Amino acid sequence: MKKFLALSLIMVLAACSKSKTINKDFPDNRWAKTDVQTFTADVEDEGMNDVSLLFSFVSGPQFTNVPVSVDITAPDGSSTLMALNIDLTGKAADSKLDCAGDVCDLHTVIKKGVKLQKGTYKFTVKNKFENEYLPNVLALGIELKEIK
């Protein structure tokens with residue numbers, strides 16, 4: 001049920017604006033350190049976009065930050081590697097936290113107003129949490145939101 005609520009919220013938000021969202025669930029609510037997540041997205045029209053990381057989790061985690069690395073590979077093969085600390089409090093300037101019951105969805109802008117080329121992008125997200133796995137994670141995703 002939690003996963004359904006998280007996915008429903010993501011789908012509703014995606015329908016409200018011209019955006020593309022790709023996400024993956026964690027069936028055991030655990031994100032193993034060795035479980036590298038890869039997303040691909042086709043950009044059909046060249047233009048300005050915000051690129052966001054979506055992170056769904058069970059509310060009340062034992063920690064406030066989640067360290068990750070995000071590697072964005074453009075259609076021309078160029079790559080941008082970023083180290084991020086996802087702030088689960090939702091207090092970061094470019095983040096938005098939505099909680100319903102015990103499920104929270106965090107949207108964190110990782111690239112603001114970036115011009116995306118037409119073609120296929122690859123997003124690789126690695127869990128840099130110090131333990132073997134990160135508990136209470138429901139889903140992870142990438143959103144491309146076109147800026148008009």
Side-chain angles (χ1 to χ4, degrees), residues 1-43 46-74 78-117 121-148:
M1 183 65 172
K2 294 176 196 174
K3 292 176 194 167
F4 176 74
L5 290 173
L7 287 174
S8 296
L9 180 60
I10 289 170
M11 296 306 281
V12 166
L13 290 172
C16 294
S17 62
K18 190 166 183 181
S19 66
K20 181 176 292 206
T21 305
I22 311 106
N23 64 308
K24 295 185 180 179
D25 292 335
F26 294 95
D28 296 326
N29 298 346
R30 293 179 175 192
W31 183 12
K33 192 168 189 159
T34 57
D35 187 10
V36 176
Q37 296 295 307
T38 302
F39 306 91
T40 57
D42 291 323
V43 174
E46 199 169 286
M48 300 300 284
N49 283 264
D50 286 344
V51 180
S52 297
L53 183 67
L54 310 177
F55 190 79
S56 293
F57 60 99
V58 177
S59 66
Q62 311 94 310
F63 37 85
T64 57
N65 292 298
V66 175
V68 298
S69 68
V70 180
D71 187 11
I72 303 172
T73 304
S78 62
S79 180
T80 304
L81 181 63
M82 299 177 295
L84 301 171
N85 261 324
I86 303 170
D87 177 12
L88 298 184
T89 66
K91 294 179 182 174
D94 280 339
S95 67
K96 181 180 178 191
L97 181 65
D98 293 315
C99 294
D102 62 349
V103 175
C104 292
D105 295 318
L106 180 68
H107 299 242
T108 302
V109 177
I110 56 175
K111 286 279 195 178
K112 191 167 185 79
V114 63
K115 186 172 184 176
L116 297 182
Q117 309 166 10
Y121 280 79
K122 179 179 164 186
F123 301 89
T124 305
V125 184
K126 294 181 182 176
N127 172 1
K128 297 293 188 172
F129 192 64
E130 60 190 38
N131 296 337
E132 187 178 321
Y133 65 87
L134 183 63
N136 299 323
V137 179
L138 303 173
L140 182 73
I142 295 290
E143 179 184 47
L144 306 178
K145 186 172 184 180
E146 189 177 318
I147 302 170
K148 293 284 180 174

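What you see below is based on every heavy atom in this structure, not just the backbone, and it leaves out hydrogens, waters and symmetry mates. The structure presented is a predicted model; accordingly, all values stated were derived computationally and were not measured. Numbering of residues begins at 1 and proceeds along the displayed sequence.
Atom CG of Leu134 and atom CZ of Phe55 lie 5.0 Å apart (nearest 0.5 Å). Rounding to the nearest 0.5 Å gives a distance of 11.0 Å between CG of Asn65 and CG of Leu84. For the atom pair CD (Glu132) and OG1 (Thr34), the distance works out to 8.0 Å, reported to the nearest 0.5 Å. The CG atom of Asp42 sits 6.5 Å away from the OG1 atom of Thr40 when rounded to the nearest 0.5 Å. One distance of note links CG of Asn127 with CD of Gln37; it measures 9.5 Å at 0.5 Å rounding. Rounding to the nearest 0.5 angstrom, the gap separating the CG atom in Leu97 from the CG atom in Asp87 is 9.0 Å.
Residues Val58 and Pro61 share a closest heavy-atom pair of O-CD, 3.9 Å. Nearest heavy atom pair, residue Ala41 against residue Ile22, reads CB-CD1, 3.5 Å. Shortest non-hydrogen contact noted between Val125 and Ile142 is CG2-CD1, 4.4 Å. Of all the heavy atoms in Leu106 and Gly90, the pair that sits closest is CD1-CA, 4.0 Å. For Ser69 against Leu81, the heavy-atom pair with the smallest separation is CB-CD1, 4.3 Å. Taking all atoms of both residues into account, the shortest heavy-atom contact from Lys24 to Thr38 is NZ-O, 2.6 Å.
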Starting from the C-alpha separation in whole Å, work towards a yes-or-no answer on side chain to side chain contact (heavy atoms under 4.5 Å, CB included) for Lys126 and Asp71.
-> CA-CA 9 Å; Lys126 294 181 182 176; Asp71 187 11; over 6 Å; no

Under the side chain to side chain contact (heavy atoms under 4.5 Å, CB included) criterion, do Leu140 and Phe39 qualify, and how do the steps go?
-> CA-CA 10 Å; Leu140 182 73; Phe39 306 91; 4.2 Å; yes

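Evaluated for a side-chain hydrogen bond (donor to acceptor under 3.5 Å, both in side chains) with Ser56, the options Asp98, Asp105, Asn23 yield exactly one hit, Asp105. Exactly one of Phe26, Phe57, Phe129 qualifies for a ring-ring contact (aromatic ring centres under 6.0 Å, His included) with Trp31. That residue is Phe26.
For the pair Asp94 (side chain) and Ala92 (backbone), a donor-acceptor distance under 3.5 Å is absent.
At least one side-chain heavy atom of Leu138 sits less than 4.5 Å from a side-chain heavy atom of Asn29. At least one side-chain heavy atom of Leu88 sits less than 4.5 Å from a side-chain heavy atom of Val66. Side-chain contact between Asn136 and Gln62 is present, with at least one heavy-atom pair separated by less than 4.5 Å. The closest side-chain heavy-atom distance from Val68 to Leu53 is below 4.5 Å. Using a 4.5 Å heavy-atom cutoff, the side chains of Ile72 and Phe123 are in contact. Lys20 places none of its side-chain heavy atoms less than 4.5 Å from the side chain of Asn49.
The neighbour count for Lys128 NZ, taken as heavy atoms of other residues, nucleotides or ligands under 6.0 Å away, does not exceed 12.
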